[in-house]
Undergrad: 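The structure under discussion is supplied below as structure tokens; questions concerning it will follow.
Everything numeric here is computed off the predicted structure, so don't read it as measured data.
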Amino acid sequence: MSETLHSLQVHQEELNTQNEQLRLTQISLEQTSQKYHDLFENSPAGYFIIDTNYSVQEVNVAGMEMLGRTKGRILAKPFLLFVDKSCRRTLDEHFLQVRNGSARTELWLLPEQRPPFPVILQSVPLGSSWGESWRCLTTAFDITDRKAAEQALFESETRFRAIFEQNPMAVQIVDANGVPRMSNRAWTRLWGRNPSQGGGIVPQALEMSRHLEQARNGQSIDIPAVRIPAQGRDIPERWVHAHIYPIQSSEGSDDTVPEIVVVHEEITERKRIEIDLKERTERLQRQYNNLRALSEIAALPGGFGAGQQLAAALNLGRRHLGLTIGQITRIEEGGSTIEHHSAPPEAGIVDGTRIDLSETFCAQVIETGNVLALPDLATSPYADHPSHRLHGVGSYLGAPIRQRGRDYGTIAFYSAQASARGFDEGDIEFMRLLSRLVGSVLEQDENRRDLAQSNAELEQFAYVASHDLRQPLRQVSSYVSLLQRRYGEHLDDTAREFIAFAHDGAVRMDRLIVDLLEYSRIGRNTKPVEPVELSQVVADASANLSASLAESGGTIEVTPPLPTVRGDSTDLVRLFQNLIGNAIKYRAPDRPPLIRISSVSTTTEHHISVSDNGIGIESDYFETIFRIFQRLHTPDKYEGTGIGLAICKKVVEQHQGRIWVESNPGQGTTFTIALPNRP
């Protein structure tokens, strides 16, 4: 019994040990199972257990997130429901492959309420430990980012290809040894096609070998335009601008240059345009110089006489053309006369000198009616002409002058030597323009002489009108007055009335002649314009009318300051005297005249206003009153000849100004004068 009991105790101890080992094993198995469960559930990849019907038996958290569904809505559902329709045939083929081993396929999953996205499905069959029926483990990897990167790379490659092929510049990529890797269409169009080199042979003028060596050393080179000579009849001369730059290695800090980009730009047309533009620019510069010289001549002060203007024109022409002598010659019957000249003193030219036509080119210039340009007489058809043979003229440039539609003479420039630069179209056009300008100056000078003669005749007429015409009127007026005094008491009322009418008519006729003379003299004052203070002008005009002002009880109020203008003080006094006099004459019967004078200035004009409180003017007559002999009242009511406001308008216009009127009948009138505001 004791042995049996001992054996039982030993066996019990062994059982306890085995039970403890079993318990520890159980714990280990549970821990391992939990680890695998955690790995399955928490894997970043989507895990799906698929059964023989291709339905989902188990899914992890990542798989549920991919499909956007809870586990209850995924388990026992065909996996086909979670795949984009376009990929379902692909999925069937994938699972057929898994039955024979593993499979790897790209397709698109269809999550709920989200657009499809690409995944890689990788499936392996599971062993018999999973049961008697077939099952597989399917892993889904989201490749959206990779697909986006691939698409971006594809698009970048496509863009590169499009830019490379469609680039209008010729582009070739070569390796470090200069062997072509790829050439675009423009390259083959420029240099031709050579399959072994990716393009035709580059001309030696571009020195490609030397530039490629520089690029291998990491330098970028810009090669200025190079002229490529013509190659036979088929390939004309060309100009090429080149750029060469290295493509650095992208591996770490490696400075090697595996490839080099060569860019050739054909700029033949641009170069031709540049050359043409340069030539045109030179021509335009010459024309600009021509116009500037002509402008300097035309801008000479108006005070210069014709002789000074023409002398200045000849001086500028000599300097501009680089010739020694310039002269204006008048052609007369049987010869020509030098009227104006510009030359060094040693040339010995004197105005008024007559020259035989056969010894000048004047006849040829007038006959052709155009510019005669002879840059080198020794080599011209005129080598035996007396101008060259006898007078030593080496170069000549002349043009005809016309005045009032007829030939006047010529303007010419010449030197003893041949012209160093020759004469171009710009010089010829300069001479045409200069001859017209000279003709205009000569015509204006003749017009001035004619005008001076006409003014002298007008002055003589003014004297006759003021003396000879007024004298008979005075005689008529005197005898009518004498008749009235001696025989007035023996005449009846009708005769005395007739005598009064005759006397008044003679007085009005005399006053009319005086006003007409005053109107005609405006603007014929030869004094130069000068600054005139209008405050002094108004004071002088008021002083001249002091008697009328005192008689009418009138007042003049001046609001200072009045501006200073440039003009003729006498005419301006006449202007304000007429305006103030009208304000006194056309006063209202129930109140004394009040005349206000003020001014407002802008940057361009001075506005001076003369206002009164008189009878006013109807608006229908605002324009009429400034016309000569226009009266709004009969002489028996208001005296006058109807010339006063016409004189005012003429004075203002002589000063480049304007005058207008504003009025309210019965309340008063305002005349406004606008004069230029200039120093």
Side-chain angles (χ1 to χ4, degrees), residues 275-300 309-331 336 338-344 347 349 355 359-383 385-389 391-403 407-443:
I275 295 171
D276 183 59
L277 182 61
K278 182 180 178 181
E279 294 174 354
R280 293 190 180 191
T281 302
E282 292 175 353
R283 288 197 298 270
L284 287 174
Q285 184 63 40
R286 294 296 305 281
Q287 292 176 5
Y288 168 76
N289 293 336
N290 294 340
L291 292 174
R292 186 178 64 180
L294 291 170
S295 298
E296 291 179 15
I297 297 169
L300 291 172
Q309 286 182 293
L310 296 176
L314 292 172
N315 284 332
L316 287 169
R318 284 175 52 206
R319 186 168 68 247
H320 175 68
L321 296 169
L323 299 175
T324 307
I325 300 170
Q327 67 186 37
I328 295 172
T329 305
R330 182 168 187 170
I331 295 180
S336 60
I338 298 175
E339 291 208 333
H340 304 278
H341 78 279
S342 173
I349 298 176
I355 306 174
E359 297 183 7
T360 71
F361 287 108
C362 293
Q364 287 86 346
V365 172
I366 294 296
E367 183 179 351
T368 61
N370 205 346
V371 177
L372 179 62
L374 303 171
D376 187 358
L377 275 165
T379 59
S380 74
Y382 296 94
H385 194 277
S387 290
H388 177 63
R389 183 166 42 83
H391 301 291
V393 176
S395 55
Y396 176 89
L397 188 62
I401 300 173
R402 292 182 64 81
Q403 182 193 34
D407 292 328
Y408 176 89
T410 64
I411 178 171
F413 298 91
Y414 56 92
S415 290
Q417 301 80 23
S419 174
R421 62 175 179 80
F423 303 135
D424 59 16
E425 286 296 324
D427 297 323
I428 293 173
E429 185 62 23
F430 171 78
M431 288 298 296
R432 290 194 186 104
L433 295 173
L434 183 58
S435 67
R436 292 175 192 167
L437 188 145
V438 169
S440 175
V441 171
L442 291 171
E443 189 167 329

Undergrad: Could you walk me through whether Leu314 and Ile411 pass the side chain to side chain contact (heavy atoms under 4.5 Å, CB included) check?
TA: CA-CA 9 Å; Leu314 292 172; Ile411 178 171; 3.9 Å; yes
Undergrad: Which value, rounded to the nearest 0.5 Å, describes the distance between Ile401 atom CD1 and Arg436 atom CZ?
TA: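 If I round to the nearest 0.5 Å, the distance is 13.0 Å.
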Undergrad: For Ile328 and Leu310, run side chain to side chain contact (heavy atoms under 4.5 Å, CB included): C-alpha distance rounded to whole Å, both residues' side-chain angles, the deciding distance at 0.1 Å, then the answer.
TA: CA-CA 8 Å; Ile328 295 172; Leu310 296 176; 3.9 Å; yes
Undergrad: To the nearest 0.5 Å, what is the distance between OH on Tyr414 and OG1 on Thr324?
TA: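 One gets 9.5 Å once the value is rounded to the nearest 0.5 Å.
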Undergrad: Run the numbers on Arg402 and Asp407 for side chain to side chain contact (heavy atoms under 4.5 Å, CB included), then give the verdict.
TA: CA-CA 5 Å; Arg402 292 182 64 81; Asp407 292 328; 2.8 Å; yes
Undergrad: Taking all heavy atoms of Thr410 and all of Cys362, pick out the closest pair and write down the distance.
TA: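 Scanning both residues, the minimum pair turns out to be OG1-SG, 3.3 Å.
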Undergrad: Check for a donor-acceptor pair, side chain of Gln309 on one end and backbone N or O of Val441 on the other, with a separation under 3.5 Å.
TA: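 Side chain of Gln309 to backbone of Val441, a donor-acceptor pair under 3.5 Å: no, none is there.
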Undergrad: Rounded to the nearest 0.5 Å, what's the gap from CZ on Arg318 to CD on Gln327? Could you check?
TA: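 Spacing of CZ (Arg318) from CD (Gln327) equals 11.5 Å.
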Undergrad: Which of these passes side-chain contact (heavy atoms from CB on, under 4.5 Å) with Val371: Val365, Asp427, Ile428?
TA: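 With Val371 as partner, side-chain contact (heavy atoms from CB on, under 4.5 Å) holds for just one option, Ile428.
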Undergrad: Between Leu374 and Leu377, which heavy-atom pair has the shortest distance, and what is it?
TA: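 Shortest heavy-atom contact: CD1-CD2, 3.4 Å.
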Undergrad: Start with the C-alpha distance between Arg319 and Leu316, add both sets of side-chain angles, then the distance that settles side chain to side chain contact (heavy atoms under 4.5 Å, CB included), and finish with yes or no.
TA: CA-CA 5 Å; Arg319 186 168 68 247; Leu316 287 169; 2.5 Å; yes
Undergrad: In the structure I gave you, are the side-chain heavy atoms of Asn370 and Arg432 within less than 4.5 Å of one another anywhere?
TA: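 Side chain of Asn370 against side chain of Arg432, heavy atoms only: contact under 4.5 Å found.
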Undergrad: Does atom CZ of Arg389 have more than 12 heavy-atom neighbours from other groups under 6.0 Å away?
TA: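 Enclosed: over 12 neighbouring heavy atoms sit under 6.0 Å from CZ of Arg389.
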Undergrad: Indicate yes or no: at least one non-hydrogen side-chain atom of Phe413 is less than 4.5 angstrom from one of Met431.
TA: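 Heavy-atom side-chain distance check passes, below 4.5 Å.
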Undergrad: Please report the shortest heavy-atom distance between His388 and Gly394, naming the atom on each side.
TA: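 Shortest heavy-atom contact: ND1-CA, 4.5 Å.
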Undergrad: Please round to the nearest 0.5 Å and tell me the distance separating atom OG of Ser419 and atom CG of Asp376.
TA: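 Here the interatomic distance stands at 9.0 Å.
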Undergrad: Look at the side chain of Thr329 and the backbone N and O of Gly409, then say whether any donor-acceptor pair between them is shorter than 3.5 Å.
TA: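 No, the answer is negative, given that no donor and acceptor are paired below the 3.5 Å cut-off.
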Undergrad: So, for Val393 and Ser395, which heavy atoms are closest and what is the spacing to 0.1 Å?
TA: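 The pair with the smallest heavy-atom distance is CG1-O, 3.5 Å.
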Undergrad: Looking at CD1 of Ile338 and OG1 of Thr360, how far apart are the two atoms once the value is rounded to the nearest 0.5 Å?
TA: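 One finds 9.5 Å between CD1 of Ile338 and OG1 of Thr360.
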Undergrad: Once rounded to the nearest 0.5 Å, what's the spacing between atom OH of Tyr408 and atom CD of Glu339?
TA: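 Nearest 0.5 Å value for the OH-CD distance: 3.0 Å.
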Undergrad: For Ser435 versus Ala399, what's the shortest heavy-atom pair and its separation?
TA: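 Minimum heavy-atom contact is CB-CB, 3.9 Å.
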Undergrad: In terms of ring plane angle, is the pair Tyr382 and Phe361 parallel, tilted or perpendicular, where the classes change at 30° and 60°?
TA: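 Perpendicular.
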Undergrad: I'd like to know if the side chain of Ser415 reaches the main chain of Leu323, judged simply by a donor and an acceptor atom lying under 3.5 Å from each other, with no hydrogens or angles considered.
TA: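 Checking the backbone N and O of Leu323 against the side chain of Ser415, no donor-acceptor pair under 3.5 Å is found.
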